[in-house]
Amino acid sequence: MSVFSFQFLSMATKGLYAAVLMDVHFDTLVVTQQALSLEQTANEARRAYLKYLFHEVRTPLNSLSMGIDILDRNPHMGEEDRESLQMMRVAADFMSKTLNDVLSMMNDFNVDGQAGAGHA
């Protein structure tokens with residue numbers, strides 16, 4: 001079995017071979033940089049989504065829950081109103097649990113998009 005050796009190649013062939021290797025290396029570097037740029041863009045979108053989700057959903061949900069608590073303290077509220085208030089509380093609690101589950105799932109994938117405990 002013969003082993004390929006560079007010593008039998010001419011200087012021009014060696015130069016061409018080195019140029020091809022450098023070109024392939026450069027192309028690989030460019031593709032890697034593009035992939036990293038796309039990953040950074042995805043991470044920024046993930047962070048923006050979590051920020052939006054937390055502010056645009058959690059804040060009004062907290063206000064709703066506080067309003068339900070305040071209404072529940074009204075001693076003059078009838079039984080039918082209390083039942084309606086209880087349904088609102090159940091719905092708000094369900095929405096809060098669902099939001100917590102979504103945020104927890106998003107946190108299972110850290111900002112680098114890799115599985116594991118992370119932060120958003």
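Counting begins at 1 with the first residue of the sequence.
Summarising the geometry, atom CD belonging to E80 is positioned 7.0 Å from atom CD belonging to E83; distances are rounded to the nearest 0.5 Å. The structure places CG of L85 at 4.5 Å from CE of M88, a figure rounded to the nearest 0.5 Å. To the nearest 0.5 Å, the span separating CG on L64 from OG1 on T59 amounts to 12.5 Å. One finds the CZ atom of R89 at 5.0 Å from the CG atom of D69 (value rounded to the nearest 0.5 Å). Taking OG of S84 as the reference point, atom CD1 of I68 lies at 11.0 Å (rounded to 0.5 Å).
If you check the side chains of R82 and N74, you find no donor sitting under 3.5 Å from an acceptor.
Between the side chain of T32 and the main chain of T28, a donor-acceptor pair closer than 3.5 Å is present. Here the side chain of S104 pairs no donor or acceptor atom with the backbone of N100 at under 3.5 angstrom. A distance-only check finds no donor-acceptor pair linking the side chain of S96 to the backbone of A92 [under 3.5 Å].
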- Query: Which is it for K97 and D101 under the salt bridge (charged side-chain N to carboxylate O under 4.0 Å, His left out) test, yes or no, and what are the steps along the way?
  - Reply: CA-CA 6 Å; K97 182 184 180 319; D101 290 347; 3.1 Å; yes

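Note on M95: it does not cluster hydrophobically with V102, by side-chain heavy-atom contacts below 4.5 Å among ILVMFWY residues.
Other residues, nucleotides and ligands contribute over 12 non-hydrogen atoms within 6.0 Å of the CD atom of E56.
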